[in-house]
Amino acid sequence: MSAHAKISTAEELRSRIDPARVPEHVAIIMDGNGRWAQRQGEHRVVGHSNGVKSVRDTLVGATEIGVRYLTFYAFSTENWNRPQAEVDALMDLLVNTLMSELDSLNENGVRLHTIGDTDSLPASCRNTLQEAIRRTAHNTRITLTLALSYSARWEIVRAARSIAQDVQEGRLAPSAVDEALVSSRLSTAGMPDPELLIRTSGEQRVSNYLLWQIAYAELWFTAVLWPDFRKEHLFQAVLDYQGRERRFGLTSEQLDPA
Ligand code: FPP
């Protein structure tokens, strides 16, 4: 496909998106980097570095259509068990990408945020993240959240522990524990729940990602491997989302009484 044809496809897809019904928060499980690299006879790490191009293009696409929160599963708690060389390469990639993209994040109004057990990241990574978060804190167009050393069960256990502590020490009555309180103790406190969850590479599971927050999210799976994912795919997912009826447990008739 020529570059021109590709651009008009993106524009054509974008023109069909209803700006009034764009999901406020899109969460993405980037999967398939290793397979993408292996198919080309390259080391898995080459897949991760090409995946950064997809992060950039998706972020651009998300800002074009007015998504306010974009959350990437960049490194799960379980990913620590990968070969040390791959873990190190992912950490280096994160640091180098943040440093090289910082000006561009600022030019495009992107506020950087992280969720997860970031204390467990190497010091160089933590410092670069802290610096990038501080230097983008004033931006308001879109919040780019990287889930790093993240797992949903980890954050739910942490929230339960902090609530239990408050109850034990008399600061909180058990009857005051409700959904809003639990949400406020998660690492996504203050963010709207994702309305749309995308996973690439053909796998159809949620892999310990935002389990509380995706209670009502629409799920969109694609066989495209993450390094091949571009804003066109995001636009397709949003169009598909806009064609679905979100019922939240109600009937169609209740949602649209004729
Ligand atoms: C899953 O593919 C991908 C990851 C575990 C890491 C994703 C990270 C990046 C694309 C870099 C992110 C960088 C920034 C700055 C956000 P996989 O390795 O599980 O692929 P496979 O299933 O084919 O083996």
Check: [X] side chain, [Y] main-chain N or O, donor-acceptor pair, under 3.5 Å:
X	Y	result
T200	M30	no
D228	V224	no
E195	H25	yes
S207	Y209	no

Please enumerate all residues that pass side-chain hydrogen bond (donor to acceptor under 3.5 Å, both in side chains) together with R185, with sequence neighbours excluded.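 R185 satisfies side-chain hydrogen bond (donor to acceptor under 3.5 Å, both in side chains) with S162, D166 once adjacent residues are dropped.
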What's in the same ILVMFWY side-chain cluster as [X], cut-off under 4.5 Å, chained through other members?
X	answer
V182	I156, I163, V167, L172, V177, L181, L186, W212
M191	Y69
M99	V95
L93	V52

So, [X] versus [Y]: side-chain donor-acceptor pair below 3.5 Å or not?
X	Y	result
S149	S120	yes
E78	S151	no
T222	H233	no
N50	W36	no
Q213	E155	yes
N139	N106	yes
E169	Q165	yes
E86	H48	yes

Ionic contact status for [Y] with [X], cut-off 4.0 Å:
X	Y	answer
R244	D240	yes
E24	R68	no
R199	E203	no
E131	R134	yes
E232	R230	no

Of all heavy-atom pairs between [X] and [Y], which one has the smallest distance, and what is that distance?
X	Y	answer
N108	R141	O-CD, 3.5 Å
D57	K231	OD2-N, 2.8 Å
G66	V22	C-CG1, 4.1 Å
A62	I142	CB-CD1, 3.9 Å
A217	P194	CB-O, 3.4 Å
L225	G32	CB-O, 3.9 Å

Does [X] reach the side chain of [Y], with side-chain heavy atoms less than 4.5 Å apart?
X	Y	answer
R35	S201	yes
L129	L112	yes
L144	L105	yes
L59	L70	yes
L234	I198	yes
V60	E64	yes
T143	T71	no
V110	T136	no

Same apolar cluster: L13 and V238, side chain cutoff 4.5 Å: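 Hydrophobic grouping puts L13 with V238.
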Is I28 reachable from L239 through a run of hydrophobic residues whose side-chain heavy atoms are each under 4.5 Å from the next?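 Yes, it is one cluster - the side chains of L239 and I28 are joined through contacts under 4.5 Å.
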Once the angle between the rings of Y73 and Y150 is folded into 0 to 90°, is it parallel (under 30°), tilted (30 to 60°) or perpendicular (over 60°)?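 Taking Y150 first and then Y73, their aromatic rings stand perpendicular (interplane angle over 60°).
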Would you call the rings of W226 and F229 parallel, tilted or perpendicular, where under 30° means parallel and over 60° means perpendicular?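 Judged by the thresholds at 30° and 60°, the geometry between W226 and F229 is parallel.
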Within 6.0 Å of [atom1] in [X], more than 12 heavy atoms from elsewhere:
X	atom1	value
R153	CZ	no
E179	CD	no
R16	CZ	yes

Please list all pairs passing the ring pair (Phe, Tyr, Trp, His ring centres under 6.0 Å) test where one or both residues lie in residues 76-125, with sequence neighbours left out.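 Counting only pairs at least two positions apart or across chains, the ring pair (Phe, Tyr, Trp, His ring centres under 6.0 Å) contacts touching residues 76-125 are F75-W80.
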Could you check R135, R56, K53 and say which one makes a salt bridge (charged side-chain N to carboxylate O under 4.0 Å, His left out) with E101?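 Running salt bridge (charged side-chain N to carboxylate O under 4.0 Å, His left out) over R135, R56, K53 with E101 returns exactly one hit, R56.
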